[in-house]
Amino acid sequence: MKELMSWMMDYGPLAVFAAAAVGGAVAVVLTQNVVRMAFWLIISLGAVAGLFFALNADFVGAAQLLIYVGGTLVLLIFGVMLTASGPFVSIRSSSGELVLAGSAGVFLLSVVLYTACRVQWVDSAANDPRGAVALGYNASSEGNTVRPLGHSFLGARPDKDLGRRETESLTSGYLLPFEIVSVHLLVVLVGAAYLARTKKRKA
Amino acid sequence: MNFLIASGGIAEYLIDKEFSATAAFAIAALIHAVLVIHFFAIAPLFYIWLERKVAGRIQDRLGPTRVGGKFGWLQTLADGVKLIQKEDLCPQAADRMLFRMSPYLVFVASYAAFIVVPWADGWIAQNLDVGVFFMLAVMSLEVMGVILAGYSSGSKWALFGGMREAAQVVSYEIPMAICALVPVTVLGTLNMVEISRAQAGLFTNWIVFHDPFCFLAFFVYFTVATASVKRAPFDLAEAESELVAGFHTEYSGIRWSYFFMAEYGSMFAVSGVATALFLGGWHTGVGLEAAVLEPLRQWGVDVPVRGFTVGNYVANLVGMVVFIVKGCLLVFVQMWVRWTLPRLRIDQVMMACLKYLLPISCFLFLGVTIWPLAVYQFTGKTAFGEPLGNRAAPAARERSAPQDKKASALLVPEVRS
């Protein structure tokens, strides 16, 4: 009983958020009304943000809220509003679609489970005697994920490179992927604007 | 340094009393939530009374005068009692579940923004390092509830209100975020408490007077924030003259009042952010802190948290009053604007955002990044006087929990000027 209590204390918030995320996702699949699906997506994605907050990853959690719940979902509902013919659209999927979607889901789940089981969940950074953590680097005193994320987007990894000798090669950050992603987003936006404009001219 | 309402404060006090860490944090979180929700619930009572008084005076009337004495103090309370008694209606064409849920969604999103409102030095529900970013993120959730309310009502008025709200808020979020970035660029931190601390001293230290770009950014931010909490002249989602009552046409009773609590709560939330980012937060701006309040912090015995004296409570209480007064003044300006300016058309609202406010805010953001370089060309220093960001960083490092100086020195490059 006491063990259960201490487990609840340690993992209670995580368990609640995880259950809400999974439950919301299941509800999205089972619901047939598009707008209700969007509502369950809010619950699911919001709970994922809650998971990030519970793990002290403030920045990622806030980004999850801002991008997925505040951005993508609003656009989704907005799109439904503009395109829906009836007031409450419902979707009924045929059995062929169910089989297709189910097998895709099972395949994805097996890939995720395989990866999750393969990773060694021991904090390698903390056990490295010459690593930054051994030298006194403390993620939570460095603004949790904010500053490390900012540094790594600028191409530096002080959380990994603090103890390295000068001759050793440094860990590469994410400057190049970051730039590629931002240029890609710009291209997508320009393309979307272009497509929307041409459609309007034809009509 | 420990703080009473700072998350560390109550939690550390409880851990000292041999509570387990998780229980201590849970109790502390509960206390913070209760304190904040009381402000969140009581402020609308005052603001709705104020709104009616302001509206009355601007339209050359008296406003409420009967309920609760000469000034109608208890008018909102009487309204609240009436609203609770009203029948909780749900139209037949409505999507019942969504119709019932959406007021709560709006309410929760608006309330969550108060988590990072810095009331006084260290008095903040949760001192997040990404405070400003978190604020912008949760404020963007409110629109979801409004859209769902409009959609699920099964009424065309409400649907139009919801659609307008979606278009308007999604557009206005962009210049709002960019304007909020201007002071963040000056100070180099997203932490609400550190941002406010950096503006200590005379009012010339407030970020609004830091450089011309910040000065303009304050007014652009305030305009955009007024629009993003859908206040007149941008209240196209309600637009009584065209859409009956917009997205909340079908609501009645207590659910209807949740929308209004959220609206007035958000008004204070955006005003509070404006106060913290531009107007010096809890600082009086007349040098009262250095002369009176800082010495006062050393005075008295520690209660109940170690390192937190009686003087600290008094000083923080003064700071909290200053912060709330500043926020209320900005809310008053929003009301003043509402009853003075006519409502814009929806195309004018969108044009004002996308053609004017967005480019202006981009220009201001660019300008504030170039400003230190321009000043450096002429004066040889990156700012007139001590740079604000430089002042904030060491102060924050001294005040925050002890950490490895060597590691932080490597990670935070000093600004060379």
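Computed over heavy atoms, backbone and side chain alike; hydrogens, waters and symmetry mates excluded. Here is the naming used below: chain letters follow the sequence lines, and residue numbers restart at 1 for every chain.
A distance of 11.0 Å separates CG in B/L141 from CG in A/L45, rounded to the nearest 0.5 Å. How far CZ of A/R36 is from CG of B/L98: 5.5 Å, rounded to the nearest 0.5 Å.
Proximity to chain B (any heavy atom under 4.5 Å) is shown, for A/A63, by both the backbone and the side chain. Looking at B/A167, the atoms closer than 4.5 Å to chain A (heavy atoms on both sides) sit in the backbone and in the side chain alike. With a 4.5 Å cut-off on non-hydrogen atoms, A/I42 touches chain B through its side chain but not through its backbone. Heavy-atom distances place both the backbone and the side chain of B/M97 under 4.5 Å from chain A.
Between B/M144 and A/F39, every side-chain heavy-atom pair lies at or beyond the 4.5 Å cut-off.
Shortest non-hydrogen contact noted between A/A62 and B/A137 is O-CB, 3.4 Å. When all heavy atoms of A/D58 and B/D129 are compared, the pair lying nearest together is OD2-N, 4.1 Å.
The aromatic ring centres of B/F134 and A/F53 sit less than 6.0 Å apart.
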